[in-house]
Amino acid sequence: MLRHRPTRGRRTAGLLTTALVALSAAMTAVAPTHTAHADTATLGELAEAKGRYFGSATDNPELSDTQYTRILGSEFGQITVGNTMKWQYTEPSRGRFDYTAAEEVVDLAESNGQSVRGHTLVWHNQLPSWVGDVPAGELLGVMRDHITHEVDHFKGRLAHWDVVNEAFEEDGSRRQSVFQQKIGDSYIAEAFKAARAADPDVKLYYNDYNIEGIGPKSDAVYEMVKSFKAQGVPIDGVGMQAHLIAGQVPASLQRNIQRFADLGVDVAITELDIRMTLPRTAAKDTRQAADYGAVVEACLAVSRCVGITVWDYTDKYSWVPSVFPGEGAALPWDEHFAKKPAYHAIAAALGGGSPAPGGDCTATYRVTSRWQGGFTAEITVGNGRTAPIDGWTVTWTLPGGQSISHVWNGYLTVDGQRVTVRNAGYNGTLGSNASTTFGLQGEGTAGTPADVTCTPAQPFGTPA
Ligand code: G3I
């Protein structure tokens with residue numbers, strides 16, 4: 001079963017690409033030239049070109065809003081189930097499990113080719129009252145049963161699970177939840193072990209808020225993850241929720257992401273929103289946009305920061321105003337589904353909206369399909385200057401473990417880890433603002449190289 005499904009467009013592209021691979025093996029004649037523009041790509045596509053995902057949380061009541069679901073289904077590569085995988089919904093009474101609402105979201109995401117994050121297995125909130133009445137000696141078994149049943153139920157359909165949520169206080173002490181009080185410190189490790197036993201492949205995360213910057217709370221989570229790694233407790237990642245306030249993005253965000261990554265875990269920004277005091281003004285929108293851009297840049301700067309999820313994407317369905325009266329407007333789309341400056345800042349930080357650096361010639365690398373042991377990618381070469389380009393050369397360093405088996409619409413040279421692709425005879429000339437693509441099939445794990453560079457060149461007569 002697929003854990004990271006390609007988007008619907010990607011699947012079509014994958015089929016096309018497969019056809020082109022077959023064609024290119026035998027061909028030398030004319031091959032189609034595609035065009036793709038960074039300024040029309042979705043946030044999901046832009047993030048994927050950077051080897052990340054960009055997703056949104058959603059909740060069941062919103063799914064009857066067709067204007068909402070149209071954007072939810074097209075703009076994002078990933079979905080988090082915002083409410084209905086929580087214990088209150090999935091095991092409302094002891095031993096009676098109900099996944100009806102959660103499955104509605106997962107089915108929708110799958111039909112849109114989006115990967116899914118499960119949220120959340122063990123949390124002190126949205127917990128049915130019966131759990132509080134379980135005798136201390138039975139709660140560990142009850143917790144394990146809950147985790148085992150739910151993880152097993154969704155096995156193979158989720159990419160990530162938030163196993164334990166919000167277990168620490170601001171000062172770094174453990175939150176006195178029913179699990180902490182009745183099971184003790186060990187409950188978190190036990191939760192991860194139960195989840196791993198139920199699904200060896202899904203990525204298991206600890207998730208919390210106010211751990212985006214370095215401070216007592218993130219220090220405590222850091223020490224826990226460090227000890228889990230030392231003891232072999234199966235943790236794969238840390239989710240930084242990132243419910244932030246405009247103008248207050250922690251200066252240590254990137255350093256903090258990096259220190260967790262250095263422990264050998266992935267990091268995800270799992271619930272991003274950046275609220276402001278209402279009413280919105282142009283100045284506040286500008287501040288918020290810069291903050292969204294800064295969060296995206298911090299994630300992109302750390303290779304183990306795997307993706308970003310906004311906690312729903314439109315102000316129409318944000319949780320913020322109901323919990324923080326007088327605050328809101330926290331998301332990249334407004335309540336009428338208009339894109340805000342924050343949207344454009346995210347797109348720009350992901351490399352969209354304006355040409356990527358590289359002088360007059362730009363190259364954007366996008367993974368178009370992936371499977372166990374292989375992948376295909378499409379590289380868009382663009383001319384950002386007014387004069388035509390008469391030939392181009394794209395170079396990059398192969399990520400470890402990757403090799404390239406075919407290139408089409410270009411000529412490949414590989415020297416050690418250094419890859420060079422030159423234009424074919426028919427696609428070297430690019431007029432002002434024109435673009436073309438070439439493709440490749442590779443072996444190894446798909447991943448976007450960090451240093452894809454295009455250099456305009458004179459036409460060359462002989463293929464390399
Ligand atoms: O489903 C009932 C509905 O039947 C009823 O009519 C209505 C009346 O208030 O309530 C509905 O339940 C609400 C539920 O969201 C679904 O909309 C709950 O009252 C409300 O408390 C609940 O809020 C959720 C909150 O978690 C609970 O703490 C938010 O939607 C959800 O966005 C929020 O998400 C959390 C993450 O899980 C963890 N991190 C923080 C984040 C924001 O608080």
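Remember, it's 1-based here, ligands and their atoms both numbered in the order they're listed. Fair warning: this is a prediction, and the values are worked out from it, not measured in the lab. Hydrogens, waters and symmetry mates are skipped; everything else that's a heavy atom, side chains included, is used. Numbering starts at 1 and runs along the sequence shown.
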S.K.: Check whether the side chains of His243 and Glu271 place a donor and an acceptor atom closer than 3.5 Å, and report yes or no.
M.R.: yes
S.K.: Is Arg175 close enough and on-axis enough to Phe168, meaning under 6.0 Å and within 45°, for cation-pi?
M.R.: no
S.K.: Counting only heavy atoms closer than 4.0 Å, does ligand 1 sit against the backbone of Trp123, its side chain, both, or neither?
M.R.: side chain
S.K.: Any non-hydrogen protein atom below 4.0 Å of atom 33 (C) of ligand 1?
M.R.: yes
S.K.: Do Glu62 and Tyr317 have side-chain atoms, one donor and one acceptor, less than 3.5 Å apart?
M.R.: no
S.K.: Verify the ring-centre separation between Tyr313 and Tyr343: is it less than 6.0 angstrom?
M.R.: no
S.K.: Name the residue from Thr270, Asp162, Asn207 that meets the side chain to side chain donor-acceptor pair (under 3.5 Å) definition with Arg117.
M.R.: Asp162
S.K.: Is atom 25 (C) of ligand 1 near the protein, in the sense that some protein heavy atom lies at less than 4.0 Å from it?
M.R.: yes
S.K.: Give the contacting part of Asn165 toward ligand 1: side chain, backbone, both or neither, where contact means a heavy-atom distance below 4.0 Å.
M.R.: side chain
S.K.: Tell me the protein heavy atom at minimum distance from atom 28 (O) of ligand 1, and give that distance in Å.
M.R.: Asn125 ND2, 3.2 Å
S.K.: Side-chain donor-acceptor pair under 3.5 Å between Asp273 and Tyr292, yes or no?
M.R.: no
S.K.: Is atom 11 (C) of ligand 1 near the protein, in the sense that some protein heavy atom lies at less than 4.0 Å from it?
M.R.: no
S.K.: Determine whether any protein heavy atom is located less than 4.0 Å from atom 3 (C) of ligand 1.
M.R.: no
S.K.: May I ask which of His124, Glu166, Glu62, His243 has a heavy atom nearer to atom 38 (C) of ligand 1 than the others do?
M.R.: Glu166
S.K.: Anything under 30° is parallel, anything over 60° is perpendicular, the rest tilted; go ahead and classify Phe154 against Tyr99.
M.R.: perpendicular
S.K.: Between Trp123 and Tyr89, is the gap from one ring center to the other below 6.0 Å?
M.R.: no
S.K.: Name the closest protein heavy atom to atom 39 (N) of ligand 1, giving the residue it belongs to and the distance to 0.1 Å.
M.R.: Glu271 OE1, 2.6 Å
S.K.: For atom 29 (C) of ligand 1, what is the closest protein heavy atom, and at what distance to 0.1 Å?
M.R.: Asn83 ND2, 3.7 Å
S.K.: Backbone, side chain, both or neither: what part of Thr120 comes under 4.0 angstrom of ligand 1, heavy atoms only?
M.R.: neither
S.K.: Any non-hydrogen protein atom below 4.0 Å of atom 36 (C) of ligand 1?
M.R.: yes
S.K.: Only one of Thr309, Asn210, Asp208, Asn165 forms a side chain to side chain donor-acceptor pair (under 3.5 Å) with Gln241, so which one is it?
M.R.: Asn165
S.K.: Against heavy atoms of Asp59, which atoms of ligand 1 measure under 4.0 Å?
M.R.: 16 (C), 17 (O)
S.K.: Check the angle between the aromatic planes of Tyr205 and His160 and answer parallel, tilted or perpendicular using the 30° and 60° thresholds.
M.R.: perpendicular
S.K.: Kindly indicate whether atom 8 (C) of ligand 1 is approached by any protein heavy atom to under 4.0 angstrom.
M.R.: no
S.K.: When you measure from atom 17 (O) of ligand 1 to the protein, is at least one non-hydrogen atom found at a distance under 4.0 Å?
M.R.: yes
S.K.: For atom 41 (C) of ligand 1, is there a protein heavy atom at a distance under 4.0 Å?
M.R.: yes
S.K.: Quick test: of every protein heavy atom, which one is nearest to atom 1 (O) of ligand 1, and how far off is it to 0.1 Å?
M.R.: Tyr89 OH, 3.8 Å
S.K.: Between His119 and Trp311, does the ring centre distance come in under 6.0 Å?
M.R.: yes
S.K.: Suppose we measure from atom 22 (C) of ligand 1 to each protein heavy atom; which comes out shortest, and what is that distance?
M.R.: Gln126 NE2, 3.9 Å
S.K.: For ligand 1, is Tyr317 a contact, meaning one of its heavy atoms is under 4.0 Å away?
M.R.: no
S.K.: Below 3.5 Å, N or O to N or O, backbone or side chain included: is there any such pair between His119 and ligand 1?
M.R.: yes
S.K.: Could you walk me through whether Trp319 and Phe324 satisfy the ring pair (Phe, Tyr, Trp, His ring centres under 6.0 Å) test, starting with their C-alpha distance in whole Å, then the side-chain angles of each, then the deciding distance to 0.1 Å, before giving a yes or no?
M.R.: CA-CA 9 Å; Trp319 69 291; Phe324 298 98; 5.7 Å; yes
